[in-house]
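These numbers come from a predicted model, not from an experiment. Numbers for residues simply follow the sequence, beginning at 1.
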Amino acid sequence: MSANGAGKSPFLTSEEAALYLRVSEGTIRNWRVVGIGPKYRHHGRRIVYHVDDLNSFNGWGRANDTSD
(Lines give C-alpha, C1' and ligand atoms only; values in the text may rest on other atoms or scores of the structure.)
Protein backbone atom coordinates (compact mmCIF):
# COMPACT_ATOMS: atom_id res chain seq x y z
CA MET A 1 0.00 0.00 0.00
CA SER A 2 1.45 3.32 -1.02
CA ALA A 3 -0.25 6.37 0.39
CA ASN A 4 2.25 8.69 -1.28
CA GLY A 5 1.28 7.89 -4.87
CA ALA A 6 -0.06 10.51 -7.25
CA GLY A 7 -3.57 11.57 -6.32
CA LYS A 8 -3.68 9.54 -3.12
CA SER A 9 -4.33 11.06 0.27
CA PRO A 10 -1.64 10.81 2.95
CA PHE A 11 -4.47 10.17 5.45
CA LEU A 12 -5.44 6.58 6.21
CA THR A 13 -8.55 5.25 7.93
CA SER A 14 -8.19 3.09 11.05
CA GLU A 15 -8.50 -0.02 8.90
CA GLU A 16 -5.85 1.17 6.44
CA ALA A 17 -3.54 2.28 9.28
CA ALA A 18 -3.84 -1.15 10.89
CA LEU A 19 -2.89 -2.82 7.61
CA TYR A 20 -0.01 -0.36 7.18
CA LEU A 21 1.37 -1.20 10.64
CA ARG A 22 0.46 -4.90 10.28
CA VAL A 23 -1.66 -4.99 13.42
CA SER A 24 -5.37 -5.58 13.90
CA GLU A 25 -7.87 -2.76 13.74
CA GLY A 26 -8.76 -3.64 17.35
CA THR A 27 -5.15 -2.99 18.36
CA ILE A 28 -5.23 0.45 16.72
CA ARG A 29 -8.50 1.20 18.52
CA ASN A 30 -7.11 0.03 21.88
CA TRP A 31 -3.95 2.09 21.43
CA ARG A 32 -6.13 5.13 20.72
CA VAL A 33 -8.27 4.57 23.85
CA VAL A 34 -5.24 4.06 26.10
CA GLY A 35 -3.32 6.93 24.49
CA ILE A 36 -0.24 4.98 23.40
CA GLY A 37 -0.84 4.74 19.66
CA PRO A 38 0.16 6.90 16.74
CA LYS A 39 -1.17 10.45 16.49
CA TYR A 40 -4.59 10.66 14.86
CA ARG A 41 -6.97 13.36 13.69
CA HIS A 42 -10.69 13.82 13.28
CA HIS A 43 -11.87 14.63 9.79
CA GLY A 44 -15.51 15.23 10.54
CA ARG A 45 -16.66 12.06 12.30
CA ARG A 46 -13.92 9.95 10.76
CA ILE A 47 -10.65 9.22 12.54
CA VAL A 48 -7.65 9.28 10.23
CA TYR A 49 -3.91 8.78 10.57
CA HIS A 50 -1.29 10.65 8.57
CA VAL A 51 1.32 8.38 7.00
CA ASP A 52 4.15 10.46 8.51
CA ASP A 53 2.73 9.92 12.00
CA LEU A 54 2.46 6.17 11.37
CA ASN A 55 6.06 6.06 10.19
CA SER A 56 7.22 7.97 13.29
CA PHE A 57 5.27 5.68 15.58
CA ASN A 58 6.45 2.56 13.78
CA GLY A 59 9.91 2.86 15.33
CA TRP A 60 8.61 2.70 18.92
CA GLY A 61 9.10 -1.06 19.32
CA ARG A 62 12.34 -1.40 17.39
CA ALA A 63 15.03 -3.48 19.07
CA ASN A 64 18.60 -4.33 18.14
CA ASP A 65 18.57 -7.77 19.74
CA THR A 66 16.41 -9.93 21.98
CA SER A 67 17.81 -8.38 25.17
CA ASP A 68 16.36 -4.93 24.28
Side-chain angles (χ1 to χ4, degrees):
M1 171 188 314
S2 173
N4 296 330
K8 294 201 176 187
S9 173
F11 295 98
L12 303 179
T13 65
S14 293
E15 180 182 0
E16 293 167 333
L19 288 171
Y20 189 83
L21 294 176
R22 297 183 183 260
V23 298
S24 73
E25 192 173 355
T27 296
I28 286 273
R29 185 175 33 254
N30 289 339
W31 285 344
R32 193 168 58 241
V33 169
V34 178
I36 62 170
K39 294 179 185 177
Y40 64 93
R41 307 159 198 228
H42 289 273
H43 284 191
R45 292 180 147 183
R46 178 174 282 185
I47 292 174
V48 295
Y49 297 84
H50 194 280
V51 172
D52 291 343
D53 293 330
L54 295 174
N55 288 334
S56 295
F57 175 76
N58 201 22
W60 73 273
R62 188 176 299 171
N64 291 324
D65 59 47
T66 56
S67 66
D68 286 349

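- The shortest distance between side-chain heavy atoms of Tyr20 and Asn55 falls below 4.5 Å.
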Verdict with supporting geometry, Arg32 and Ser14, side chain to side chain donor-acceptor pair (under 3.5 Å): CA-CA 10 Å; Arg32 193 168 58 241; Ser14 293; 3.3 Å; yes

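- Counting heavy atoms from C-beta outward, Ile47 and Tyr49 have side chains that approach closer than 4.5 Å.
- With Thr27 contributing its side chain and Val23 its backbone, the two residues share no donor-acceptor pair below 3.5 Å.
- From Asn30, atom CG reaches atom CD of Glu25 across 11.0 Å, with rounding to the nearest 0.5 Å.
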Donor-acceptor pairs are to be reported for all side-chain atoms of residues 34-46 against protein atoms at under 3.5 Å, with residues two or more places apart or in another chain.
residue, atom, partner, partner atom, Å
Arg41, NH2, Asp53, OD2, 3.4

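- Inter-residue side-chain proximity for Leu54 and Leu21 is flagged as met; some heavy-atom pair is nearer than 4.5 Å.
- His50 contributes atom NE2, which lies 10.5 Å from atom OG of Ser56 (distance to the nearest 0.5 angstrom).
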